[in-house]
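Have a look at the structure below, then the notes.
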Amino acid sequence: MKKAILVAIGFILYGAAMWYYLMHGAQADLPVQFRGSAADPTMFMNDRQLKLSYDFSRIKDWIYFLSVPLEWLIYLLVLGFGISKKMRSTVKQVTRFSVIHTALYVLLLSFVSWILTFPLRYYSYTISRDYHISVQPFKGWMKDSLIDFWVGWIFTVLTVLVIYFFIRKSKKKWWLYAWLISIPFTIFMYFIQPVVIDPLYNKFYPLKDQVLKEKILTLAERADIPASNVYEVNMSEKTNSLNAYVNGIGSNLRIVLWDTTLDKLNDKQVLFVMAHEMGHYVMKHLYQNLIGAIILSFFGLFLGSRIYSWAISKWGKRWGIKGVSDIAGLPVLLLIFSLLSFVAGPVENAFSRKAEKDADRYAIEMTKNPDSAVGAFQQLTISGLSEVNPPKLVKFFLYGHPTMLERITFLDSYKQKYEPKELEKAKKQKRQ
């Protein structure tokens, strides 16, 4: 109990320190050379928007930096207070079948985690509502939260069943067998995501604007993307933010636009956004992400298996865990994978930022309209209350995209390349 109190006090002090850093200590002033440029938020946002953007971004960042260690803390508390071994004993009394036993244990652990993280998730939701980013009523938010819970539970049960099956078969090489099984599963998930998972949360339907649809499909044809339709999703029921994406592989490829994007961007801006998303497909970023996930899972499972065996041998008796094959050790495994994922996050972000910049370059080369490109990102900044130049720590851990300062500055630089050509083209047309 004393250790638990000390950990709780440490978590509170950490939260206070992060709040001070984000609200008072972090330096994110716009560099002098960019003041007055297209990337300067004072040039396209009013004073109220600037204030809201700063406050909203910093609060959401703070919530993230709280949520990660909170997950670790929950696993430690479940282990330290003997809750894990009690849940194992309870489900064993209910059934003798190991599959049901595992499913019930995962359900109990997931429920404990869901309940303990609920206050922070609800606070995040209310902040988004207060700043008019989210427009989703509580009923809809709870529905999505419950879908998240049950979808997560199903996939966790399947994963845990596979892992512990191989642990019982081979305590040293289980990670390798689990990784080999994960490869077709990961590919399968990429394939079914657009047509099975995504529709659980939102309604998808063909783009209503036929003129814009033809423009997008023409753009897709130029990019050699085998798409025959463009989909619109009713995100305006949930958010004021903007987004678009191309996902899926093979016959399940989907070009998708949020209806908020259609409402707030003009056609030229939408075409730039879609060209950016198509750039990901053309440059095979989807497949690179798939390969990256497979490679990371290899190293994650390898390192995780070693750390897991060490942790069980060192603290297993204290936690009431009988061995590496004991389901009561699952919180240890989840804690280890969460820590490894956190460590790998900045590396993944760095690769992602490179891919996003390449997609921006592809889009501007295809559309040759820097004004529309810059205007699109300015509107994205306003609608999402994004911070143009976030603190370095935030960028390091959270940003899978370049900052808006970097993106707008990069796209604005293309004016020197395209504007003279456009002026010359206009002059020729006038003379004719």
Side-chain angles (χ1 to χ4, degrees), residues 187 189-195 198 204-233 235 242-262 264-293 351-380 400-402 404 406-408 410-415 417-419 421-422 425:
I187 295 172
M189 283 303 301
Y190 268 71
F191 189 78
I192 70 166
Q193 173 93 24
V195 294
D198 292 346
F204 291 78
Y205 40 86
L207 182 61
K208 298 174 185 175
D209 188 333
Q210 294 300 308
V211 175
L212 180 59
K213 175 183 174 180
E214 287 305 314
K215 290 179 181 178
I216 294 172
L217 289 177
T218 300
L219 203 64
E221 186 178 358
R222 285 174 56 197
D224 292 325
I225 294 178
S228 59
N229 210 339
V230 180
Y231 293 89
E232 185 177 341
V233 57
M235 289 302 295
L242 315 182
N243 200 9
Y245 56 88
V246 176
N247 74 343
I249 56 177
S251 60
N252 283 3
L253 175 74
R254 291 289 184 272
I255 297 176
V256 180
L257 278 161
W258 287 12
D259 58 352
T260 51
T261 303
L262 295 167
K264 295 181 181 179
L265 299 186
N266 61 44
D267 282 7
K268 290 182 179 179
Q269 291 171 337
V270 169
L271 288 175
F272 169 79
V273 171
M274 293 312 303
H276 168 93
E277 299 302 332
M278 291 175 188
H280 287 306
Y281 180 87
V282 171
M283 290 181 280
K284 303 189 184 304
H285 291 160
L286 295 174
Y287 293 95
Q288 290 172 17
N289 290 342
L290 175 59
I291 294 170
F351 279 102
S352 177
R353 288 195 295 269
K354 171 65 167 57
E356 294 296 336
K357 185 174 182 179
D358 289 343
D360 283 346
R361 182 181 291 107
Y362 177 89
I364 196 64
E365 292 286 354
M366 176 171 272
T367 59
K368 296 179 172 57
N369 192 334
D371 283 334
S372 293
V374 169
F377 278 125
Q378 289 175 338
Q379 187 59 54
L380 280 165
H401 291 69
M404 283 301 182
E406 294 167 336
R407 302 183 85 171
I408 294 175
F410 171 73
L411 294 170
D412 193 48
S413 68
Y414 272 76
K415 284 187 177 182
K417 182 176 180 180
Y418 293 121
E419 282 192 345
K421 293 180 181 179
E422 291 299 317
K425 184 179 178 180

Exercise for the section: Determine whether V273 and L265 make a side-chain contact, defined as any pair of heavy atoms from C-beta on separated by less than 4.5 Å. Expected result: yes
Practice task
Report yes if some heavy atom in the side chain of Y245 is under 4.5 Å from a heavy atom in the side chain of D198; otherwise report no.
Solution key: yes
Handout entry: Side-chain heavy atoms of Y414 within contact of R361, under 4.5 Å
Key = yes
Practice task
Output the distance between atom CG (L286) and atom CD (Q288), rounded to the nearest 0.5 Å.
Solution key: 9.0 Å
Practice task
Can you see which heavy atom on D267 is nearest to which on K215, and at what distance?
Solution key: OD2-NZ, 3.4 Å
Practice task
For residues K268 and S372, report the shortest heavy-atom separation together with the two atoms involved.
Solution key: CB-OG, 3.3 Å
Practice task
Would you mind reporting whether F204 and V256 have side-chain heavy atoms less than 4.5 Å apart?
Solution key: yes
Exercise for the section: Could you tell me whether a side-chain N or O of E365 sits under 3.5 Å from a main-chain N or O of Y362, the two making a donor and an acceptor? Expected result: no
Exercise for the section: Could you tell me whether a side-chain N or O of E277 sits under 3.5 Å from a main-chain N or O of L257, the two making a donor and an acceptor? Expected result: no
Completion exercise
Closest non-hydrogen contact found for D224 with Y281 is O-CE2, 4.4 Å
Fill in the blank from the handout: Tightest non-hydrogen contact, residues L411 and A373, listed as CD1-CB, 3.9 Å
Practice task
Would you check if Q269 and N266 make a side-chain contact, meaning some heavy-atom pair closer than 4.5 Å?
Solution key: yes
Problem - Ring geometry between H276 and F272 (parallel below 30°, tilted from 30 to 60°, perpendicular above 60°) - result: tilted
Practice task
Work out which heavy atom in A355 is nearest to a heavy atom in H280; give both atom names and the distance.
Solution key: O-CE1, 3.9 Å
Handout entry: V230 and L217, any side-chain heavy atoms less than 4.5 Å apart
Key = yes
Problem - More than 12 heavy atoms of other groups within 6.0 Å of E221 CD - result: no
Handout entry: Check: L242 main-chain N/O paired with T261 side-chain donor or acceptor under 3.5 Å
Key = no
Handout entry: Test item: D209 and E232 side chains (from C-beta on) under 4.5 Å apart, heavy atoms
Key = no
Exercise for the section: Determine, step by step, whether I216 and L271 satisfy the side-chain contact (heavy atoms from CB on, under 4.5 Å) criterion, reporting the C-alpha distance in whole Å, the side-chain angles of both residues, the deciding distance to 0.1 Å, and the verdict. Expected result: CA-CA 7 Å; I216 294 172; L271 288 175; 3.9 Å; yes
Practice task
Flag the pair K357 and D360 as a salt bridge only when some basic side-chain nitrogen lies within less than 4.0 angstrom of an acidic carboxylate oxygen.
Solution key: no
Exercise for the section: Grab the two heavy atoms, one from I255 and one from N229, that are nearest each other, plus how far apart they are. Expected result: CB-O, 4.2 Å
Practice task
Indicate yes or no: at least one non-hydrogen side-chain atom of E356 is less than 4.5 angstrom from one of E406.
Solution key: no
Practice task
May I ask you to decide whether K354 forms a salt bridge with D358, counting only side-chain N to carboxylate O separations under 4.0 Å?
Solution key: yes
Practice task
Please check if the side chain of R407 supplies one atom and the backbone of H401 the other of a donor-acceptor pair under 3.5 Å.
Solution key: no
